[in-house]
Amino acid sequence: MYDAEAAEFFGRELTAWYRRGNRDLPWRRSKNPYYIWVSEIMLQQTRVDTVIPYFNRFIERFPTVSDLAEAPEEDVLKLWEGLGYYSRARNLQAAARDVAEKYGGTIPADKEAVSGMKGVGPYTSGAILSIAFNIPEPAVDGNVMRVLSRYFCLEEDIAKPAARVAIEGLARKLIPPGAAGDFNQALMELGALVCTPRSPHCLPCPVMEHCEARLTGRQDELPIKTKAKKPKPQHRLAVLIEDEQGRVLARQRPEQGLLARLWELPHIEAPYEAWASDEEAPNWLATTLGLEGMNVRLAGHLGDAEHVFSHLHWFVRIWGADRVSFDPAIRDDMGAAAGGLFGAEAVREAASAYEGREQERDGKAALAAPLSAANELPADYRWVDREEFARLAWPNLFRKIVGEHFDRS
DNA sequence: CATGCGTGGTC
DNA sequence: TGACCAAGCAT
């Protein structure tokens with residue numbers, strides 16, 4: 001597999017190929033470590049064409065590490081809206097605050113320091129060190145694993161973490177002296193434009209003459225990669241309710257987990273049978289929200305939406321409501337439970353506190369609490385008008401649903 | 001090591 | 001048209 005002559009040829013020819021011509025990308029116009037860093041975070045699991053406009057807006061709004069460090073979190077999330085993997089944005093800002101504090105806003109040309117930044121793993125660390133500072137560190141992403149699997153006919157399953165570690169060792173040996181940045185980018189450029197996942201373009205490839213896969217006709221069989229699992233179906237019932245001023249009731253998601261800190265319509269998971277039945281759905285929805293202290297009067301099925309995440313497939317049915325109130329006792333329980341608890345755990349905690357008191361009080365009295373729009377809202381809930389809707393960060397699913405609602409009204 | 005974590009493009 | 005894919009990281 002590994003051949004010293006083929007390895008030397010690879011580094012030399014690939015770097016030369018890259019230097020002869022490469023894509024003009026916004027983050028390639030300087031070696032500003034901050035630009036390289038931001039671009040590499042955005043490029044994690046995300047296509048170049050998607051990232052370009054996000055990168056330009058982000059740098060315009062936050063030109064330096066300090067600007068990012070000092071910004072309100074909601075501004076950062078708004079600029080990240082639609083890009084996905086939102087913890088990247090929050091980690092990026094947390095790291096910017098660290099860099100501002102510890103290093104005066106300058107990213108150090110130091111492996112330990114860069115590797116220690118939030119959201120920076122082995123790939124991104126190598127990318128920043130090599131591209132911004134030309135430090136000879138490998139930067140092994142999916143492109144690099146694919147290219148090297150083919151060039152050296154590696155048969156390791158690149159879906160497994162161990163494969164990345166092994167290929168990193170190989171990639172480190174391939175870096176031509178003094179050319180780490182260009183070589184690492186050349187590898188990724190080749191993977192993106194020539195040595196593509198399906199039907200690689202071998203004829204124009206600058207290193208085809210020593211490519212082991214090409215020489216043995218196996219370029220279409222490599223790399224070996226086990227298939228990902230299908231997203232798990234989940235049925236959800238959401239509530240769309242507006243107040244007298246046409247504002248929509250929204251809530252902010254918790255700090256951790258899926259779509260952390262983004263805004264959404266109140267919604268809950270339901271078994272398919274309840275979800276699908278126009279008789280059962282309102283009961284399920286009202287009861288479940290009631291356990292969270294939100295009492296609603298449902299008024300009809302408004303429409304459906306579907307959204308696929310990496311690991312979940314949401315089927316969302318939107319129900320209109322005309323009355324809403326919040327149970328103050330529950331709200332207080334939520335606040336108490338939130339001391340040290342988050343998300344679903346806090347809800348369970350509040351729900352059990354609620355159930356305990358419900359028994360003391362005889363049954364379902366609390367669920368039949370008076371409906372009124374004049375109640376105080378829990379901390380994470382808000383009535384949102386058109387302007388605030390535009391200012392807050394929403395996952396695509398709810399941005400579409402609420403956006404279409406405002407377009408109609 | 002496996003799983004959770006978004007979205008849009010492509011065939 | 002559903003499955004696969006894209007410059008991964010945290011836990």
Side-chain angles (χ1 to χ4, degrees), chain A residues 22-23 25-28 35-55 77 80-92 94-95 114-128 130-131 138-147 157-165 167-168 171 181 184-193 195-200 223 225-234 253-262 264 306-314 343-344 393-400:
Chain A
N22 55 64
R23 288 174 292 178
L25 304 173
W27 48 88
R28 284 185 178 165
Y35 294 179
I36 307 295
W37 173 31
V38 171
S39 72
E40 289 300 341
I41 299 296
M42 288 188 168
L43 286 162
Q44 290 169 3
Q45 298 296 97
T46 311
R47 294 183 138 76
V48 165
D49 289 345
T50 304
V51 166
I52 290 172
Y54 282 90
F55 175 84
L77 281 177
W80 211 271
E81 184 186 54
L83 199 54
Y85 289 133
Y86 298 96
S87 68
R88 291 184 294 174
R90 291 157 45 76
N91 285 336
L92 180 62
V114 170
S115 305
M117 288 158 57
K118 288 194 179 66
V120 173
Y123 162 74
T124 307
S125 168
I128 294 170
S130 63
I131 298 171
V140 175
D141 68 345
N143 284 313
V144 176
M145 289 197 284
R146 181 175 62 255
V147 169
D157 180 355
I158 65 166
K160 297 195 178 305
R164 202 215 77 239
V165 175
I167 292 175
E168 233 168 37
N184 283 345
Q185 292 188 85
L187 258 173
M188 294 188 277
E189 192 91 343
L190 188 78
L193 302 179
C195 197
T196 48
R198 284 175 290 201
S199 60
K225 186 179 186 183
T226 54
K227 285 190 264 189
K229 282 194 303 190
K230 269 183 70 170
K232 187 174 129 193
Q234 239 181 36
R253 295 179 62 87
E255 294 229 19
Q256 307 275 334
L258 183 68
L259 304 171
R261 302 303 283 165
L262 270 63
E264 65 180 10
E306 203 177 320
H307 193 76
V308 182
F309 301 92
S310 306
H311 57 305
L312 294 174
H313 190 153
W314 275 6
W394 305 74
N396 266 5
L397 169 70
F398 289 106
R399 192 174 51 73
K400 283 179 189 157

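As a basis for the values below, the full set of heavy atoms in this structure was taken, side chains included, without hydrogen atoms, waters or symmetry mates. All chains are named by letter (A, B, ...) in the order of the sequence lines, taking the proteins before the strands, and each is independently numbered beginning at 1. Treat the numbers as computed from the prediction; the structure is a model and nothing was measured.
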S.K.: Under the side chain to side chain donor-acceptor pair (under 3.5 Å) rule, collect the residues that match up with Arg47(A), sequence neighbours excluded.
M.R.: none
S.K.: When you get a sec, tell me which of dC5(B), dC9(C), dG8(B) is the closest nucleotide to the side chain of Asn396(A)?
M.R.: dG8(B)
S.K.: Under the side chain to side chain contact (heavy atoms under 4.5 Å, CB included) rule, what do Leu258(A) and Leu312(A) come out as? Steps first, then yes or no, please.
M.R.: CA-CA 10 Å; Leu258(A) 183 68; Leu312(A) 294 174; 4.0 Å; yes
S.K.: Regarding Ser310(A), tell me which of base, sugar-phosphate or nothing describes its non-hydrogen contacts under 4.0 Å with the strands shown.
M.R.: base
S.K.: Kindly indicate whether the side chain of Thr124(A) and the base of dG8(C) share any N or O donor-acceptor pair separated by less than 3.5 Å?
M.R.: no
S.K.: Whole-Å distance between dC9(C) P and Ile41(A) CD1?
M.R.: 7 Å
S.K.: Of the nucleotides dG9(B), dT7(B), dA2(B), which one has an atom closest to the side chain of Pro161(A)?
M.R.: dA2(B)
S.K.: Look at Gln44(A) and dG8(C) and indicate whether a side-chain polar atom (N or O) is within less than 4.0 Å of OP1 or OP2.
M.R.: no
S.K.: Could you give the side-chain donor-acceptor pairs of residues 118-127 of chain A under 3.5 Å, partners two or more places apart or in another chain?
M.R.:
{"from": "Tyr123(A)", "atom 1": "OH", "to": "Glu40(A)", "atom 2": "OE1", "distance (Å)": "2.7"}
{"from": "Thr124(A)", "atom 1": "OG1", "to": "Gln44(A)", "atom 2": "NE2", "distance (Å)": "2.9"}
{"from": "Ser125(A)", "atom 1": "OG", "to": "Ser115(A)", "atom 2": "OG", "distance (Å)": "3.0"}

S.K.: For the backbone of Trp80(A) and the side chain of Arg88(A), can you confirm whether one donor and one acceptor N or O come within less than 3.5 Å of each other?
M.R.: no
S.K.: Rounding to a whole Å, what distance do you find between Tyr54(A):OH and dG8(B):P?
M.R.: 7 Å
S.K.: Rounded to whole angstrom units, what separation is found between the CG atom of Asp49(A) and the C1' atom of dT7(B)?
M.R.: 14 Å
S.K.: Is any side-chain nitrogen or oxygen of His307(A) closer than 4.0 Å to OP1 or OP2 of dT7(B)?
M.R.: yes
S.K.: For DNA chain C, whose closest nucleotide is more 5', that of Arg164(A) or that of Arg146(A)?
M.R.: Arg146(A)
S.K.: Just how far, in rounded Å, is C1' of dA2(B) from CG of Asp157(A)?
M.R.: 13 Å
S.K.: How is Leu312(A) classified with respect to the nucleic acid when contacts are heavy atoms under 4.0 Å: base, sugar-phosphate, or nothing?
M.R.: nothing
S.K.: At under 4.0 Å, does any side-chain N or O of His311(A) touch on OP1 or OP2 of dC5(B)?
M.R.: yes
S.K.: Can a donor-acceptor pair be found, under 3.5 Å and without considering hydrogens, that links the side chain of Gln185(A) to the backbone of Ile131(A)?
M.R.: no
S.K.: Considering every strand and a 4.0 Å limit on heavy-atom distances, what is the contact class for Ala162(A): base, sugar-phosphate, or nothing?
M.R.: sugar-phosphate
S.K.: Among residues 84-92 of chain A, which residues get a heavy atom nearer than 4.0 Å to DNA chain C?
M.R.: none
S.K.: Contact class for Val144(A) (heavy atom, under 4.0 Å): base, sugar-phosphate, or nothing?
M.R.: nothing
S.K.: Pick the closest DNA chain B nucleotide for Leu262(A) and for Ala163(A) by heavy atoms, then say which residue is nearer the 5' end.
M.R.: Ala163(A)
S.K.: In whole Å, I'd like the distance from the NZ atom of Lys232(A) to the P atom of dC5(B).
M.R.: 11 Å
S.K.: Please list, for nucleotides 1-3 of chain C, all pairs of protein and nucleotide N/O atoms separated by less than 3.5 Å.
M.R.:
none

S.K.: List the residues meeting side chain to side chain donor-acceptor pair (under 3.5 Å) with Glu264(A), not counting sequence neighbours, and say none if there are none.
M.R.: Arg251(A), Arg253(A), His267(A)
S.K.: Would you say Gln234(A)'s side chain and Trp314(A)'s backbone share a donor-acceptor pair under 3.5 angstrom?
M.R.: no
S.K.: With hydrogens left out and only the distance checked, is there a donor-acceptor pair under 3.5 Å joining Thr46(A)'s side chain and the base of dG8(C)?
M.R.: no
S.K.: Distance check needed: dG6(B) P versus Leu397(A) CG, whole Å only.
M.R.: 13 Å
S.K.: dG8(B) P sits how many Å from Phe309(A) CZ, rounded?
M.R.: 11 Å
S.K.: Would you classify Val308(A) as touching base, sugar-phosphate or nothing, given that sugar-phosphate means primed atoms plus P, OP1 and OP2, and contacts are heavy atoms under 4.0 Å?
M.R.: base
S.K.: Give Arg28(A) one of three labels, base, sugar-phosphate or nothing, depending on what nucleic acid heavy atoms sit under 4.0 Å from its own.
M.R.: base
S.K.: At less than 4.0 Å, is any side-chain N or O atom of Lys229(A) found next to OP1 or OP2 of dT3(B)? Yes or no.
M.R.: yes
S.K.: Map Lys160(A) and Glu81(A) onto DNA chain B by nearest heavy atom, then report which one ends up closer to the 5' terminus.
M.R.: Lys160(A)
S.K.: Looking for any heavy atom pair under 4.0 Å, which part of the strands does Leu187(A) touch: base, sugar-phosphate only, or nothing?
M.R.: nothing
S.K.: Can you tell me the distance, in whole Å, between the NE2 atom of His313(A) and the P atom of dG6(B)?
M.R.: 16 Å
S.K.: Looking at residues at least two apart in the chain, or sitting in another chain, which of them share a ring-ring contact (aromatic ring centres under 6.0 Å, His included) with His311(A)?
M.R.: none
S.K.: Applying ring-ring contact (aromatic ring centres under 6.0 Å, His included), name anything that partners Tyr85(A), two or more places apart in sequence or on another chain.
M.R.: none
S.K.: With heavy atoms under 4.0 Å as the rule, sort Gly191(A) into base, sugar-phosphate or nothing.
M.R.: nothing
S.K.: Kindly determine whether Arg90(A) and Leu77(A) satisfy side chain to side chain contact (heavy atoms under 4.5 Å, CB included), including the steps that lead there.
M.R.: CA-CA 8 Å; Arg90(A) 291 157 45 76; Leu77(A) 281 177; 4.3 Å; yes
S.K.: What integer number of Å spans the P atoms of dT11(C) and dG6(B)?
M.R.: 14 Å
S.K.: Among all residues two or more places apart in sequence or in another chain, which pass the side chain to side chain donor-acceptor pair (under 3.5 Å) test with Ser87(A)?
M.R.: none
S.K.: Residues two or more places apart in sequence or in another chain: which of them pass ring-ring contact (aromatic ring centres under 6.0 Å, His included) with Phe55(A)?
M.R.: Trp27(A)
